[in-house]
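Notes to accompany the following structure.
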Amino acid sequence: MRLKNKIAIVTGAGSGFGEGIAKRFAEEGCKIVVNDINVNGGERVAGEINAAGGKAAFFKADVSMDADWKAMLKFALDSFSGLHIVVNNAGTTHRNQPMLNVTEDLFDRVYAVNVKSLFHSARHIVPHFRQKGGGVFITVASTAGVRPRPGLVWYNSSKGAAIVASRSMAVELAPDKIRVNVVNPVAGDTPLLAEFMGGDTPELRAKFVATIPLGRFSKPLDIANACLYLASDEAEFITGACIEVDGGRCV
């Protein structure tokens with residue numbers, strides 16, 4: 001098993017990409033702190049992992065809140081006696097619309113969840129990783145931060161900021177044996193898809209899929225397998241990398 005005896009926090013794991021990452025990691029022997037603000041979704045995912053023979057525990061936390069990160073680290077240590085991997089997957093967006101139609105409150109929420117959460121996680125997790133002699137951060141950003149689409153200006157910029165912040169962390173934390181990498185999914189068939197597209201119709205789906213050379217949306221397993229590699233010891237010499245899991249969209 002590629003993550004045997006490892007412990008991970010996966011944020012936003014109550015659905016979508018986070019659910020796929022949590023379940024895939026668990027299949028490879030990792031103990032999982034399933035984090036989400038959606039209690040029903042988070043408890044369901046943790047329960048399904050445990051029912052399948054894995055080990056998981058749900059913790060409700062808002063990743064944009066510093067105190068919640070402090071509590072989540074404590075929960076991981078109390079529940080599983082350690083922490084080796086943090087997957088910063090939780091994210092949000094504004095609906096596809098002209099940039100001037102996005103309210104300030106929504107802008108602030110997008111940046112709090114997609115960018116400031118990285119600041120909070122680093123403040124609490126980096127000291128633990130340094131004490132233990134290393135660790136792994138994985139940021140699930142987006143191809144939107146590399147090749148933006150119109151109608152998602154503030155979401156695109158938040159993901160671009162997340163990518164740069166993560167790569168900057170990688171440089172600073174490398175002497176501490178803390179690896180930081182980024183996975184950039186293309187749009188996936190997840191609960192946020194309608195927000196990205198500005199609706200959900202066969203015509204809109206066809207329009208978006210037409211921009212992906214391999215001809216489909218991403219799946220949670222696609223993202224999970226990329227994260228699994230970066231979390232594993234097979235990637236011990238990889239830090240500061242961005243992997244586009246995008247069916248060729250960014251080529």
Side-chain angles (χ1 to χ4, degrees), residues 2-3 6 8-30 32-36 38 41-42 44-46 48-49 52 54 56 63 85-93 113-114 117-118 121 136-147 149 152 155-156 158-160 162-163 166-167 179-197 205 208-209 211-232 234-235 238-251:
R2 296 163 77 183
L3 298 181
K6 302 289 188 181
I9 291 172
V10 182
T11 69
S15 63
F17 295 150
E19 176 177 352
I21 294 164
K23 289 181 174 179
R24 187 72 184 94
F25 278 25
E27 290 173 353
E28 292 291 337
C30 194
I32 309 293
V33 174
V34 174
N35 159 253
D36 211 290
N38 179 342
R44 174 186 59 80
V45 171
E48 290 174 359
I49 290 173
V63 296
I85 303 159
V86 172
V87 182
N88 281 304
N89 165 77
T92 192
T93 186
V113 174
N114 295 353
S117 61
L118 304 181
S121 67
V136 174
F137 286 103
I138 299 170
T139 300
V140 178
S142 173
T143 55
V146 179
R147 189 178 176 193
R149 295 182 190 269
L152 292 166
Y155 170 78
N156 297 339
S158 75
K159 289 302 187 179
I163 292 167
S166 299
R167 300 189 76 188
R179 298 190 295 108
V180 188
N181 290 295
V182 181
V183 172
N184 292 324
V186 74
D189 202 352
T190 70
L192 288 178
L193 182 60
E195 296 295 291
F196 290 130
M197 297 191 301
R205 283 179 174 250
F208 271 68
V209 168
T211 68
I212 304 171
L214 285 182
R216 66 169 173 84
F217 291 114
S218 64
K219 301 175 182 178
L221 187 59
D222 298 323
I223 313 311
N225 281 331
C227 290
L228 173 62
Y229 168 66
L230 292 173
S232 74
E234 298 164 20
I238 297 177
T239 195
C242 291
I243 297 180
E244 275 73 56
V245 185
D246 67 350
R249 180 177 179 269
C250 289
V251 173

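On a predicted model such as this, the values are computed, not experimentally measured, just so you know.
- Nearest heavy atom pair, residue V34 against residue G42, reads CG1-O, 3.6 Å.
- A 4.5 Å side-chain heavy-atom check between I9 and V87 finds every atom pair outside the cut-off.
- Closest approach of I85 and F25 over heavy atoms only: CG2-CE2, 4.1 Å.
- Put simply, the side chain of P185 reaches to within 4.5 Å of the side chain of V140, judged on heavy atoms.
- In terms of heavy-atom proximity, N88 sits nearest to S121 at ND2-OG, 3.4 Å.
- Rounding to the nearest 0.5 angstrom, the gap separating the CZ atom in F17 from the CG atom in N89 is 8.0 Å.
- Classification of R216 and D222 as a salt-bridged pair holds, one side-chain N sitting under 4.0 Å from a carboxylate O.
- Partners of K23 under the salt bridge (charged side-chain N to carboxylate O under 4.0 Å, His left out) rule, at least two apart in sequence or in another chain, are E19, E48.
- When only modelled atom types and interatomic distance are considered, N225 and R24 share a side-chain donor-acceptor pair under 3.5 Å.
- At least one donor-acceptor pair under 3.5 Å links the side chain of N114 to the backbone N or O of T92.
- Taking each heavy atom of G14 and D36 in turn, the nearest pair found is N-OD2, 2.7 Å.
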- Task: Show your reasoning for whether side chain to side chain donor-acceptor pair (under 3.5 Å) applies to T211 and R149.
- Result: CA-CA 10 Å; T211 68; R149 295 182 190 269; 3.3 Å; yes
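- Defined by atom type and a distance below 3.5 Å, a donor-acceptor pair is missing between the side-chain atoms of R167 and T239.
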- Check against side chain to side chain contact (heavy atoms under 4.5 Å, CB included), L193 and F217: CA-CA 10 Å; L193 182 60; F217 291 114; 3.9 Å; yes
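- In this structure, the side chains of V63 and N35 come closer than 4.5 Å at one or more pairs of heavy atoms.
- Counting heavy atoms from C-beta outward, V136 and I138 have side chains that approach closer than 4.5 Å.
- Between S15 and N38 the shortest side-chain heavy-atom distance does not fall below 4.5 Å.
- Looking only at side-chain heavy atoms (C-beta outward), V33 and V10 stay at 4.5 Å or farther from each other.
- Legend: residues meeting salt bridge (charged side-chain N to carboxylate O under 4.0 Å, His left out) with R2, ordered by chain and number and at least two apart, are E234.
- Across every non-hydrogen atom of S142 and N184, the tightest pair is N-OD1, 3.2 Å.
- Formation of a donor-acceptor pair under 3.5 Å by the T11 side chain with backbone atoms of A90 is found in this model.
- Contact record, A224 with G20: CB-O, 3.4 Å, taken as the closest heavy-atom pair.
- Residues in residues 239-251 take part in no salt bridge (Lys or Arg N to Asp or Glu O under 4.0 Å) pair, two or more places apart or across chains.
- Side chains of S232 and L3 form a contact here, defined as non-hydrogen atoms less than 4.5 Å apart.
- Residues T139 and N181 have side chains not in contact (no heavy-atom distance under 4.5 Å, counting atoms from C-beta outward).
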